[in-house]
Amino acid sequence: MVEIQLTNTRSRSKERLVPIDPQNLRMYLCGPTVYDRAHLGNARPVVVFDVLYRLLRHVHGARHVTYVRNFTDVDDKINAAALARQQQGDSRPLEELIRERTEETIGWYHADMDALGALRPDHEPRATDYIPQMIAMIEDLVAKGHAYAAEGHVLFDVRSFPEYGQLSGRSVDDMIAGARVEIAPFKRDPMDFVLWKPSDAELPGWDSPWGRGRPGWHIECSAMSEALLGRSFDIHGGGIDLQFPHHENEIAQSCCAHPHDEFARIWLHNEMLQVEGRKMSKSLGNFFTVRDLLDQGIPGEVIRFVFLMTHYRKPMDWTADKAREAEAVLRRWRGLVAGIEPAASPAHAVVAALADDLNTAGAIAELHRIAEAIRNPDAMPDDLRQLADGDALELNRIFLASAGMLGLLTDALGGWIAPAPDLSPLAARMQMLRAEAKASKDFSAVDALKTALTEAGVEVRMTAQGVELLPSAGFDASRLPQ
RNA sequence: GGCGGGUUGGCGGAGAGGUUACGCAGCGGAUUGCAAAUCCGUGAAGACCGGUUCGAUUCCGGUACCCGCCUCCA
């Protein structure tokens with residue numbers, strides 16, 4: 001079996017993935033707060049963990065992997081958005097507005113992540129469905145002396161957990177020294193964080209031992225991961241910005257509630273995304289959602305490929321140039337596998353690259369090597385010649401199966417390649433004009449047709465055998481010459 | 001102020017203490033009526049300063065610059 005190595009943020013080193021239960025490998029990814037369209041940065045962990053999910057399913061069997069990604073549907077940003085709509089004259093109750101907005105946002109999220117070729121997780125729990133579990137966990141933390149109630153809030157006592165700060169490499173004292181935050185007066189320690197907070201009559205709330213209120217942000221992941229994956233599971237992930245405070249606080253909650261369990265064994269974090277070399281932000285005007293890109297006509301598969309060009313632990317820069325390059329490569333690769341069924345197994349080298357801390361760039365390099373061998377069989381390296389096993393198309397099938405490990409060249413993502421219209425009449429006409437031109441030495445008519453075709457995004461190939469016309473980048477059927 | 005990450009050829013971007021990464025673009029050639037596509041060939045790197053080593057782009061230390069987190073954030 002392929003040995004999978006992953007960089008564990010906690011140890012800051014590459015570690016072998018040793019499943020707690022080989023029959024059920026479990027991973028949890030922190031999902032979106034559902035108040036707006038997912039921006040491009042939200043999509044990076046989704047794609048990264050989708051590749052990991054595919055790898056785990058390949059290595060351990062699809063039945064032996066459980067992937068959970070939550071929806072945070074209780075949050076002050078959601079409340080604020082609903083309140084704003086009320087103030088704009090929507091007379092419906094807040095609860096209804098919130099429900100409508102979260103439902104709508106979840107629908108968008110599914111559509112956008114589907115467009116990137118991300119498989120749906122096995123479970124997508126919503127925080128509001130796990131309020132009783134959260135309350136139970138908070139009660140347990142209070143009982144164990146790790147949390148305390150104050151002015152309708154319940155706070156986690158960070159001083160009760162000596163390991164607090166271990167994941168992110170911070171010490172409580174250092175953080176207090178550098179804190180720029182206003183400190184609530186009812187906190188015992190400035191770093192104590194909220195497990196539960198009171199809701200007034202306006203805001204969503206649930207009855208609890210501390211009065212009507214709503215959960216703090218971090219407790220949901222502790223409660224839902226326990227409910228769906230158990231008290232110990234294999235992988236917990238998210239963007240590096242979640243390392244502190246979110247994941248640090250999850251560890252504090254879960255490990256204090258269940259001191260004899262491991263909680264998450266490996267912590268995986270992807271680095272941030274930039275746009276044209278700068279942080280994506282609304283103020284810089286370079287903020288955009290996945291949907292914005294899709295609407296601009298950038299295929300989801302192209303977005304996915306650009307993500308995978310960069311290792312997940314490095315900052316990734318989204319640029320128009322990369323999107324162009326990715327599109328050109330994918331267009332060529334799709335040409336190699338048109339009408340081909342995938343082989344039963346991907347190339348080992350591709351799996352090996354991914355198993356080495358999700359080296360997607362290395363896997364892509366390997367795909368390039370195979371693609372080159374398909375295009376130029378005479379120069380085929382020995383290892384690929386063995387793989388091909390004398391069957392002219394076997395390498396194409398292996399190539400397709402290997403790309404599938406990255407979620408590329410799948411049927412689901414192939415829609416952007418325009419179904420080729422019948423260009424043969426144009427090809428025949430061109431062939432005729434060309435034959436005449438060869439006799440008359442006047443090539444102006446054939447050149448004019450060639451130019452028109454090129455401008456419509458058609459690649460013109462004239463060979464001794466005839467004329468071949470292929471739709472290529474920027475193909476636009478409406479601009480075809482009549 | 002505290003913590004963390006990064007710096008590789010024109011661009012993108014990996015691995016490995018010593019032998020070609022890879023892709024895109026470029027250049028030369030073949031091919032073509034001219035192109036395109038394809039094929040053959042080819043140049044180009046490791047921020048800076050030290051250290052370890054027979055040998056470092058790869059390990060260690062420092063400097064500079066960039067980015068992120070510390071407040072909602074993937």
Side-chain angles (χ1 to χ4, degrees), chain A residues 9 12 29-33 35-36 38-49 69 72 75-77 80 165 167-182 191 217 237-248 269-274 277-281 305-306 308-317 319 321-322 324-329 332 335 352-353 356-357 359-369 371-372 375-376 378-379 434 437-444 446-447 450-451 453-454 458-464 467-470 472:
Chain A
T9 306
R12 282 157 225 291
L29 176 65
C30 289
T33 301
Y35 66 104
D36 208 349
H39 64 246
L40 196 61
N42 290 310
R44 169 120 106 140
V46 173
V47 172
V48 165
F49 281 82
R69 184 180 64 208
T72 299
D75 180 274
D76 287 347
K77 284 194 293 283
L167 176 72
S168 52
R170 295 153 200 252
S171 82
V172 173
D173 291 326
D174 285 349
M175 285 189 282
I176 292 168
R180 292 182 289 179
V181 202
E182 201 177 317
M191 295 313 294
W217 172 36
I240 189 68
D241 55 337
L242 292 185
Q243 183 189 30
F244 187 89
H246 185 54
H247 289 160
E248 197 71 72
H269 291 105
N270 61 277
E271 253 294 342
M272 299 283 98
L273 174 132
Q274 295 177 283
R278 305 206 287 174
K279 178 181 175 162
M280 181 165 81
S281 74
F305 192 97
V306 170
L308 298 179
M309 282 166 73
T310 304
H311 187 93
Y312 76 95
R313 281 192 297 107
K314 291 220 172 167
M316 197 220 86
D317 197 9
T319 66
D321 273 349
K322 281 188 187 173
R324 260 195 298 277
E325 185 178 330
E327 181 177 338
V329 170
R332 213 161 8 148
D356 180 10
D357 201 22
N359 185 355
T360 50
I364 288 172
E366 188 59 29
L367 288 175
H368 276 298
R369 208 170 67 89
E372 175 60 25
R375 243 178 315 181
N376 187 11
D378 293 341
R434 188 160 163 252
K438 278 185 178 172
S440 68
K441 300 296 175 201
D442 176 6
F443 287 92
S444 57
V446 63
D447 281 345
K450 185 175 75 180
T451 303
L453 286 165
T454 304
V458 177
E459 185 182 309
V460 180
R461 297 184 187 176
M462 282 184 256
T463 65
V467 175
E468 200 180 349
L469 300 180
L470 297 166
S472 67

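Remember, it's a predicted structure, so these values are computed and weren't measured experimentally. Numbered from 1 within each chain, the chains take letters A, B, ... in sequence-line order. Values reported hereafter were calculated over all heavy atoms of this structure, with side chains retained and with hydrogens, waters and symmetry mates removed.
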Below 4.5 Å, heavy atoms only, C-beta onward: do A:H247 and A:C30 meet side chain to side chain? yes
Could you pick out which residue, A:V460 or A:Q243, lies toward the 5' side of RNA chain B when each is mapped onto its nearest nucleotide? A:Q243
Say you pick atom C1' in B:A45 and the same atom in B:G26; how far apart are they, in whole Å? 16 Å
Considering only atom P, compute the distance from B:U19 to B:G12 and round it to an integer number of Å. 25 Å
Please determine if A:R170 forms a cation-pi arrangement with A:F244, meaning its NZ or CZ atom is less than 6.0 Å from the six-membered ring centre and no more than 45° off the ring axis. yes
Which letter, B, S or -, goes with each nucleotide of nucleotides 12-17 of chain B from 5' to 3', with contact meaning a protein heavy atom under 4.0 Å? SSSS--
I need the single residue from A:V446, A:T454, A:L470, A:T451 that forms a side-chain contact (heavy atoms from CB on, under 4.5 Å) with A:V460. Which is it? A:T454
Under 4.0 Å between a Lys/Arg side-chain N and an Asp/Glu carboxylate O for A:R369 and A:E372? no
Could you give the CD1-to-P distance, from A:I240 to B:G5, as a whole number of Å? 9 Å
Between B:C27 and B:A44 - C1' atom distance, rounded Å: 11 Å
Just call it for A:V446: base, sugar-phosphate, or nothing, with non-hydrogen atoms closer than 4.0 Å on any strand. base
Candidates B:A35, B:C67, B:A74 - which lies nearest the side chain of A:M462: B:A35
G-U wobble or Watson-Crick pairing nucleotide for B:U58 (cut-off 3.5 Å, both distances): none
Do you know the tightest heavy-atom contact between A:D241 and A:M272? OD1-CE, 3.3 Å
Could you check whether A:F244 gets within reach of a base, just the sugar-phosphate, or nothing at all, counting any heavy atom under 4.0 Å? sugar-phosphate
Any strand, both distances under 3.5 Å, Watson-Crick or G-U wobble: B:A14 pairs with none
Given 3.5 Å as the limit, does a donor-acceptor pair link the side chain of A:T360 with the main chain of A:L308, or not? yes
Between A:K322 and A:D317, is the closest basic N to carboxylate O distance under 4.0 Å? no
A:R324/A:E327 salt bridge by N-O under 4.0 Å criterion: no
With the side chain of A:K77 defined as its heavy atoms from C-beta on, choose the nearest nucleotide among B:C39, B:C72, B:G33. B:C72
Would you mind classifying the nucleic acid contact of A:G41 as base, sugar-phosphate or nothing, using non-hydrogen atoms under 4.0 angstrom? base
Atom-to-atom span, CD of A:E468 to C1' of B:A37 - whole angstrom: 9 Å
Describe the nucleic acid contact of A:R332 in one word from base, sugar-phosphate, nothing, applying a heavy-atom distance below 4.0 Å. sugar-phosphate
By the 4.0 Å heavy-atom rule, please label A:D76 as base, sugar-phosphate, or nothing. nothing
Watson-Crick or G-U wobble mate for B:U20, both contacts under 3.5 Å: none
Describe the nucleic acid contact of A:E366 in one word from base, sugar-phosphate, nothing, applying a heavy-atom distance below 4.0 Å. nothing
Interatomic distance at C1', B:G33 relative to B:U57, whole Å: 49 Å
Grab the CG-P distance between A:N376 and B:A37 for me, whole Å please. 17 Å
May I ask which nucleotide in the shown strands pairs with B:A30, Watson-Crick or G-U wobble, both distances under 3.5 Å? B:U38
Counting only Watson-Crick or G-U wobble pairs whose two distances fall under 3.5 Å, which nucleotide matches B:C65? B:G6
Per the atom types in the model, does the base of B:A74 pair as donor or acceptor with the side chain of A:H269 at under 3.5 Å? no
Donor-acceptor contact below 3.5 Å, side chain A:N359 vs main chain A:G362: yes
Please state how far atom NZ in A:K450 lies from atom C1' in B:A36, giving the value in whole angstrom units. 7 Å
Base, sugar-phosphate, or nothing: which does A:R369 touch, judged by heavy atoms less than 4.0 Å apart? nothing
Whole angstrom is fine here: how far is it from CE in A:M191 over to P in B:G2? 16 Å
Whole angstroms only, please: what is the CD-C1' distance between A:E372 and B:U20? 14 Å
Expressed in angstrom and rounded to an integer, what is the separation of A:N270 atom CG from B:G6 atom P? 15 Å
Per nearest nucleotide of RNA chain B, the residue lying toward the 5' end, A:I364 or A:E459, is A:I364
Whole angstrom is fine here: how far is it from CZ in A:R170 over to P in B:G2? 13 Å
Pairing check on B:A45: which nucleotide meets the Watson-Crick or G-U wobble criteria with it, both distances under 3.5 Å? none
B:G23 versus B:G61 - spacing of their P atoms, nearest Å: 35 Å
So which nucleotide does B:U53 pair with, by the Watson-Crick or G-U wobble rule with both distances under 3.5 Å? none
Quick one: look up who B:G1 pairs with, Watson-Crick or G-U, both distances under 3.5 Å, and put none if it's unpaired. B:C70
If you measure from the P atom in B:U58 to the same atom in B:G2, how many Å do you get, rounded? 27 Å
Rounded C1' spacing from B:G15 to B:U32 in Å: 40 Å
In whole angstrom, give me the gap between the P atoms of B:A25 and B:C11. 16 Å
I want to verify a distance call: between B:A74, B:C72, B:A21, whose nearest atom is closest to the A:M272 side chain? B:A74
Does any part of the side chain of A:E271, heavy atoms only, come nearer than 4.5 Å to the side chain of A:M316, both counted from C-beta? no
